[in-house]
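Contents: one structure, followed by commentary.
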Amino acid sequence: MVARGSRDDTSPQESCYLLRNMTSKSHWKLLALALVLVVVMVWYSISREDRYIEFFYFPISEKKEPCFQGEAERQASKIFGNHSREQPIFLQLKDYFWVKTPSTYELPFGTKGSEDLLLRVLAITSYSIPESIQSLECRRCVVVGNGHRLRNSSLGGVINKYDVVIRLNNAPVAGYEGDVGSKTTIRLFYPESAHFDPKIENNPDTLLVLVAFKAMDFHWIETILSDKKRVRKGFWKQPPLIWDVNPKQIRILNPFFMEIAADKLLSLPIQQPRKIKQMKPTTGLLAITLALHLCDSVHIAGFGYPDAYNKKQTIHYYEQITLKSMAGSGHNVSQEAIAIKRMLEMGAVKNLTYF
Ligand SMILES: CC(=O)N[C@H]1[C@H]([C@H](O)[C@H](O)CO)O[C@](OP(=O)(O)OC[C@H]2O[C@@H](n3ccc(N)nc3=O)[C@H](O)[C@@H]2O)(C(=O)O)C[C@@H]1O
Ligand SMILES: CC(=O)N[C@@H]1[C@@H](O)[C@H](O[C@@H]2O[C@H](CO)[C@H](O)[C@H](O)[C@H]2O)[C@@H](CO)O[C@H]1O
C-alpha cells in the first residue's frame, strides 16, 4: 500500500516538471564535476612545472622494457658516424705511456698539451668497465638529468630497475629516492661539481667518471687521490679539498665524446680563438652521448629547461635556482633541446619524463 502524498499521487504535468527539474539539477552537478576535474588537471600540470606540457614521453611500465642488442649502436652510427664505437669509453694508461696518442684538440675536446698531468692520474686510477656491466647480455641504461621535472615524479622505483643508472654532478639521491631512485652506476663530475658526499650519494661500486675541462682538473684529482698539496687557484668555484673515494672507482672520460657531442649534436665550432667564448655541451648531453656508445638501450629522465622568459621557474629537483645561474656557463640550452627532440623523434632515446 502506498501512503497518500507520496510521489505516486503526482499528476503527469507535475511528473514532467519534476523530471525536468531533476535533469537540469544533474546537468549542473555534471558541469560542476567537469569544472573540478579541469581545475585539478590544470593544478596538476602547473605543480609539475610552470609551463605547458608536451606529451613527448612514453608510458612507463612496471616490467623491464624489452632490450634489443646493438640498438643504441645502430642509432649512434646514424648520429655520430660509423667508427665512434671503436673509441674507448675511458682513457687508458697504455695510450699515454709508451706511445703518446697524438690528440688534435686541447681539453675539453682532446688531451693535447695535458698529457703529462694525465699520465700521472692514469697511473693511480683505472680504465676497465666493471664485470657487472661487461657481462650483461643487453645493457639497459637510464641517464638521469638534474631537471626540476623529476620532482614528485615517483620515478625512483622505475629508475632503480635499469642495469646502468647514470647521474650527473652533485645531484643528490639521499632524501629523493622516491623520485630519482637510489642506484648510481656511473656519476659524471668535474672538480667544481664534486660537492657531494661520495659515500652517501653513491653506491660502494659507483664509477666516478671525471669530465676534464682543463689541465688543472687532472691536477686536482691527483692531489686529492695522492693527498698532495691542494691548489686553490684556477677553478671557477672552489672544488672539495677532501674527498673520500677509492682511486679504483675513478675513471677519466675519453674527451672524444665531448668532441662528438659538440660537433654532431650541436654543430658547435671546436677550439675557437682564445678571444671567442668556447661553447660546450652540458654534462647531461655528454652523458647521453656516452650512453649511446656504452649501452644497448638509452632512456632519459629529468631533462629540459624552462623557457627563457620563465625567470622564476626553479631548474633543479633539489635546490631553488633559476636559469639566471647558468648565464656565462657556455651552454646553448635551446639548441640542446632541439638535439634531444631529434633523438627522441628518431627513437635513439626514450624519455621517462616529458619534454
Ligand atoms: C652555475 C653553473 O655553472 N651551473 C652548471 C652546473 C653546475 O656546474 C653543477 O651543477 C655543479 O654545481 O652544471 C651543469 O648542469 P647541472 O648540474 O645543473 O645539471 C646536469 C644536467 O642535467 C640536465 N638538466 C638540468 C636541469 C634542467 N632543468 N634540465 C636539464 O636538462 C642538463 O643536461 C645538465 O647538464 C652541467 O655540468 O652541465 C650546467 C650548469 O650551467
Ligand atoms: C674559463 C672558465 O673557467 N669559465 C667558467 C665556465 O667553465 C663555467 O661553466 C661551467 O663549466 C663547467 C666545467 O668546469 C661545466 O661545463 C658547466 O656545465 C659550466 O656551467 C662558468 C660557470 O658559471 O664559469 C666560468 O667562469
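First listed ligand is number 1; within each ligand, the first listed atom is number 1.
Between Trp220 and Trp243, the ring planes lie tilted relative to each other; the angle falls in the 30° to 60° range. In this structure, Trp236 and Tyr190 have tilted ring planes: the angle between them lies in the 30° to 60° band. Note on ring orientation: taking the six-membered ring where Trp is involved, the planes of Phe109 and Tyr105 are perpendicular (angle over 60°, cut-offs 30° and 60°).
Of the protein's non-hydrogen atoms, the one nearest atom 33 (O) of ligand 1 is Thr282 OG1, 3.0 Å. The protein heavy atom nearest to atom 18 (O) of ligand 1 is His316 NE2, 2.6 Å. The single protein non-hydrogen atom nearest to atom 21 (C) of ligand 1 is Leu168 CD1, 3.5 Å, given as residue, atom name and distance. Considering only non-hydrogen protein atoms, atom 10 (O) of ligand 1 sits nearest to Asn170 OD1, 3.6 Å. In this structure, atom 5 (C) of ligand 1 lies nearest to the protein heavy atom Tyr190 OH, 4.3 Å. Of the protein's non-hydrogen atoms, the one nearest atom 38 (O) of ligand 1 is Thr283 N, 2.8 Å. Protein heavy atom nearest atom 21 (C) of ligand 2, with residue, atom name and distance: Gly328 O, 3.7 Å. Here the protein heavy atom with the shortest distance to atom 35 (O) of ligand 1 is Gly284 N, 2.8 Å. Residue, atom and distance of the protein heavy atom nearest to atom 17 (C) of ligand 2 are Tyr190 OH, 3.3 Å. In this structure, atom 34 (C) of ligand 1 lies nearest to the protein heavy atom Tyr305 OH, 3.4 Å. Counting protein heavy atoms only, atom 18 (O) of ligand 2 is closest to His331 NE2, 2.6 Å.
Within a 6.0 Å sphere centred on CD of Gln134, heavy atoms belonging to other residues, nucleotides or ligands number more than 12. Crowding of Ile242 atom CD1: a count of heavy atoms from other residues, nucleotides or ligands under 6.0 Å not exceeding 12. In this structure, Tyr127 places its OH atom where only 12 or fewer heavy-atom neighbours from other residues, nucleotides or ligands lie under 6.0 Å away. No more than 12 heavy atoms of other residues, nucleotides or ligands sit less than 6.0 Å from atom CD of Gln320. The number of heavy atoms from other shown groups lying within 6.0 Å of CZ (Arg85) is above 12.
Comparing Phe189, Phe235, Trp236, Phe213 by heavy-atom distance to atom 3 (O) of ligand 2, the nearest is Trp236. Considering only non-hydrogen atoms, atom 20 (C) of ligand 1 lies nearest to Asn146 out of Ile300, Asn146, Ile340. The nearest non-hydrogen atom to atom 6 (C) of ligand 2, considering only Lys237, Lys214, Glu192, Lys280, comes from Lys280. Of the candidates Ala327, Gly304, Gly145, the one placing a heavy atom closest to atom 29 (N) of ligand 1 is Gly304. For atom 20 (O) of ligand 2, the choice among Gly284, Ala327, Ser329 with the nearest heavy atom turns out to be Ser329.
Within the listing of ligand 1, atoms 26 (C), 27 (C), 28 (N) sit less than 4.0 angstrom from a heavy atom of Ile315. Of all the atoms in ligand 1, the ones that sit under 4.0 Å from a non-hydrogen atom of Ser329 are 2 (C), 3 (O), 41 (O). When each atom of ligand 1 is checked for a heavy atom of His331 under 4.0 Å away, the hits are 39 (C), 41 (O). Heavy-atom proximity to Ser193, at under 4.0 Å, picks out these atoms of ligand 1: 11 (C). Proximity to Ser325 (heavy-atom distance under 4.0 Å) selects the following atoms of ligand 1: 1 (C). Close contacts between ligand 1 and Trp236 involve ligand atoms 3 (O), 8 (O) [criterion: under 4.0 Å to a heavy atom].
Nearest heavy atom pair, residue Phe80 against residue Leu292, reads CE1-CD1, 3.8 Å.
His293 and Gln87 form no side-chain donor-acceptor contact under 3.5 Å, judged by distance and modelled atom types alone. Using modelled atom types, one finds a donor on one side chain and an acceptor on the other under 3.5 Å when comparing Arg167 with Thr184.
Using a 4.0 Å heavy-atom cutoff, Gly330 is absent from the residues neighbouring ligand 2. At least one heavy atom of Lys237 sits under 4.0 Å from some atom of ligand 1.
Under the 4.0 Å distance rule, the nearest protein heavy atom to atom 11 (O) of ligand 2 falls inside the cut-off. Note that atom 15 (C) of ligand 2 has protein non-hydrogen atoms nearby, at separations under 4.0 angstrom.
Side-chain atoms of His195 come within 3.5 Å of backbone N or O of Gln238 as a donor-acceptor pair. Side chain of Ser153 to backbone of Asp179: a donor-acceptor contact under 3.5 angstrom is found.
Both the sub-6.0 Å distance and the 45° axial angle are satisfied by Arg187 relative to the ring of Phe196.
Where the criterion is an N or O separation shorter than 3.5 Å, residue side chain and backbone included, Asn169 meets it with respect to ligand 1.
Note on Glu259 versus Lys112: no salt bridge recorded, every NZ/NE/NH1/NH2 to OD/OE distance being 4.0 Å or above. A salt bridge does not link Arg342 to Glu345: none of the charged side-chain nitrogens sits closer than 4.0 Å to a carboxylate oxygen.
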